[in-house]
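Residue numbers run from 1 in the order of the sequence given.
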Amino acid sequence: MGTDGYTSPLSERYASKEMQFIFSQDMKFRTWRRLWIALAETERELGLKDADGNPRISQEQIDELKAHQDDINYEVAREREKIVRHDVMSHVYAYGQQCPNAAGIIHLGATSCYVGDNTDVIIMREGLRLIRKKLVNVIDVLSKFAMRYKDLPTLAFTHFQPAQPTTVGKRATLWIQELMMDLEDLEYVLDGMKLLGSKGTTGTQASFLELFDGDEEKCRQADRMIAEKMGFDACFPVSGQTYSRKLDTRVVNVLAGIAASAHKFSNDIRLLQHLKEVEEPFEKGQIGSSAMAYKRNPMRSERIASLSRYVMIDTLNPMITSATQWFERTLDDSANKRLSVAEGFLATDGILDLYLNVADGLVVYDKVIAKHLMAELPFMATENIMMDVTKAGGNRQELHEKIRELSMKAGTHVKERGLDNNLLELIAEDENFPMGLEELKSSMNPSRYVGRAPSQVKEYIQEMVQPVLKEHEELLGMTAEINV
């Protein structure tokens with residue numbers, strides 16, 4: 001397409017070539033042909049007979065179908081669709097033009113959803129497998145980051161107000177844990193995916209029961225055999241004409257869960273970059289602002305947030321579609337599915353490429369982190385100071401009130417006068433605290449105040465994350481290429 005027509009930014013800017021192929025015309029129509037071959041093979045293997053009692057399908061016909069499985073004659077199909085206004089029958093016709101001996105047995109006994117719905121399930125499964133690969137690699141990169149910085153104290157925040165210190169690595173485990181939950185959800189949905197199978201017009205298999213002369217067991221076997229040929233464990237046991245659109249809801253919900261986790265990460269990075277503590281990668285020739293040359297905007301994290309918002313909102317499409325299907329089927333799902341499912345996958349694919357790129361190139365400014373922490377640490381150390389004095393015989397209640405008064409005074413010194421935190425000096429000058437300034441300063445070791453954060457990182461990564469990464473080690477080692 002030239003520059004005078006709409007092109008999707010998902011394909012031009014965000015989604016990878018691998019994900020774009022999964023939702024391509026080639027993938028779709030090659031899968032249709034694989035399904036027609038599986039159907040013909042199954043019908044032959046189950047002994048389908050013609051009116052004279054002879055085998056209805058020959059091996060030569062199947063071989064002819066296989067010979068043209070991938071060389072799709074799109075132009076013939078497009079011209080035929082202009083006449084018949086039906087995409088499946090247009091491709092049946094086009095396939096038959098290439099396979100004249102097998103033309104009469106293509107799509108035998110099936111309805112359009114045999115190829116349409118089964119292909120949708122196959123494509124979603126392949127999409128989830130690619131998403132899983134990228135998700136596992138993001139977890140791997142963040143795990144290394146967490147272990148590298150497990151001991152580096154940093155100011156923690158609740159309500160984005162300074163709170164008890166944590167470590168840079170411990171904060172990263174919060175991002176990892178959400179992705180681990182997403183991976184668990186993905187595996188559950190992926191493991192439970194089933195094909196529609198060969199269910200017929202309203203899901204009763206009536207046409208196949210007719211083909212097999214009333215043999216119900218052969219109808220049941222047909223579903224099992226088609227599933228096996230297409231790499232699935234089973235077909236849905238019951239259906240209308242389509243598989244339940246609830247499946248689309250479950251799949252897109254998994255994508256939205258990943259998007260929500262990525263959005264949280266991107267928010268944290270954007271806030272940290274504002275604080276100049278941690279930055280996303282910034283390339284040598286990159287321009288942060290067209291007006292302010294000094295700026296280093298967190299553009300990739302912002303893009304993660306933007307795409308994530310799109311995917312989270314996209315969950316309404318399959319959910320409403322599922323809720324509004326009438327009886328055995330209506331066709332108001334089709335146009336919506338073509339957009340919402342594909343774009344949900346393409347956007348999530350782009351999100352994970354960005355996530356991997358940002359996580360793999362995070363820049364940590366430990367001196368800025370230390371400066372911010374030390375500016376607040378005297379407030380947080382008061383509990384320890386109070387306990388030390390209490391051990392020497394001080395009254396805890398009286399000391400607590402005095403510490404509160406001095407903290408308020410130091411807060412005014414910082415906020416209203418714009419000066420450094422002088423709480424330690426105020427405590428040293430107070431007769432209730434028998435400690436000199438140097439002794440108080442010596443207690444300002446940030447590592448004293450991070451609790452079990454370093455141990456928690458090590459335990460979580462080694463006990464919870466590494467076994468999962470080991471299970472998926474064949475997926476590891478990828479790097480993310482982003483277009484913009």
Side-chain angles (χ1 to χ4, degrees), residues 149-175 264 267-279 294 296 298 362-457:
Y149 293 104
K150 66 182 174 62
D151 298 310
L152 180 59
T154 189
L155 190 60
F157 295 92
T158 59
H159 316 277
F160 202 31
Q161 302 301 308
Q164 195 174 56
T166 184
T167 69
V168 172
K170 172 62 192 298
R171 179 175 284 145
T173 63
L174 304 183
W175 303 327
K264 201 278 185 198
N267 285 350
D268 286 354
I269 297 303
R270 290 158 70 189
L271 293 169
L272 288 168
Q273 187 148 333
H274 165 77
L275 296 170
K276 297 183 173 63
E277 292 189 359
V278 179
E279 284 186 348
Y294 62 87
R296 292 166 69 104
L362 286 174
V363 181
V364 176
Y365 295 108
D366 54 346
K367 290 183 173 57
V368 178
I369 290 171
K371 178 182 176 181
H372 290 163
L373 178 55
M374 295 310 295
E376 301 289 344
L377 194 60
F379 292 123
M380 299 159 194
T382 54
E383 178 69 20
N384 292 56
I385 294 170
M386 190 167 57
M387 287 300 99
D388 289 341
V389 179
T390 301
K391 289 176 184 177
N395 183 296
R396 189 192 185 284
Q397 283 69 37
E398 293 176 2
L399 292 169
H400 184 277
E401 177 58 24
K402 197 62 185 177
I403 285 283
R404 189 188 69 80
E405 293 174 4
L406 296 176
S407 296
M408 296 290 287
K409 190 174 180 179
T412 299
H413 192 72
V414 173
K415 295 176 183 178
E416 294 185 8
R417 301 178 64 187
L419 301 174
D420 292 338
N421 188 339
N422 66 337
L423 180 58
L424 295 184
E425 285 80 357
L426 293 174
I427 292 173
E429 293 168 1
D430 193 289
E431 61 184 17
N432 292 285
F433 297 92
M435 296 175 170
L437 183 59
E438 291 307 312
E439 184 181 357
L440 288 169
K441 285 183 176 179
S442 68
S443 70
M444 294 297 104
N445 180 355
S447 297
R448 290 185 61 189
Y449 305 97
V450 298
R452 294 193 65 248
S455 299
Q456 286 178 332
V457 174

Main-chain N/O of Glu376 paired with Asn421 side-chain donor or acceptor, under 3.5 Å: no

Contacts of Asn422 that satisfy side-chain hydrogen bond (donor to acceptor under 3.5 Å, both in side chains) - sequence neighbours left out: none

His372: side-chain hydrogen bond (donor to acceptor under 3.5 Å, both in side chains) partners, not counting sequence neighbours: Glu277

Salt bridge (charged side-chain N to carboxylate O under 4.0 Å, His left out) partners of Glu429, counting only residues at least two apart: none

Pro378: which of Ile427, Leu440, Leu423 passes side-chain contact (heavy atoms from CB on, under 4.5 Å): Leu423

Validation row: Thr154, Val450 side chains within 4.5 angstrom (heavy atoms): no

Sequence neighbours excluded, every pair satisfying salt bridge (Lys or Arg N to Asp or Glu O under 4.0 Å) that has a member inside residues 154-165: none

Partner set under salt bridge (charged side-chain N to carboxylate O under 4.0 Å, His left out) for Glu425, not counting sequence neighbours: none

With Glu401 via side-chain hydrogen bond (donor to acceptor under 3.5 Å, both in side chains) - residues at least two apart: Arg404

side-chain hydrogen bond (donor to acceptor under 3.5 Å, both in side chains) partners for Lys264, two or more places apart: Asp268

Atom CG of Asn445: over 12 foreign heavy atoms under 6.0 Å: yes

Inter- and intrachain pairs under ring-ring contact (aromatic ring centres under 6.0 Å, His included), touching residues 149-175, at least two apart: Phe145-Tyr149, Phe157-Phe160, Trp175-Phe265

Arg452: partners by salt bridge (charged side-chain N to carboxylate O under 4.0 Å, His left out), with sequence neighbours left out: Glu459

Partner set under salt bridge (charged side-chain N to carboxylate O under 4.0 Å, His left out) for Lys402, not counting sequence neighbours: Glu405, Asp430

Non-hydrogen side-chain atoms of Lys409 and Leu426 separated by less than 4.5 Å: yes

Which residues share a side-chain contact (heavy atoms from CB on, under 4.5 Å) with Thr412, sequence neighbours left out: Glu416

Student check: side-chain heavy atoms of Tyr449 and Leu373 closer than 4.5 Å: no

Sequence neighbours excluded - side chain to side chain donor-acceptor pair (under 3.5 Å) pairs with any residue from residues 164-174: Lys170-Gln456

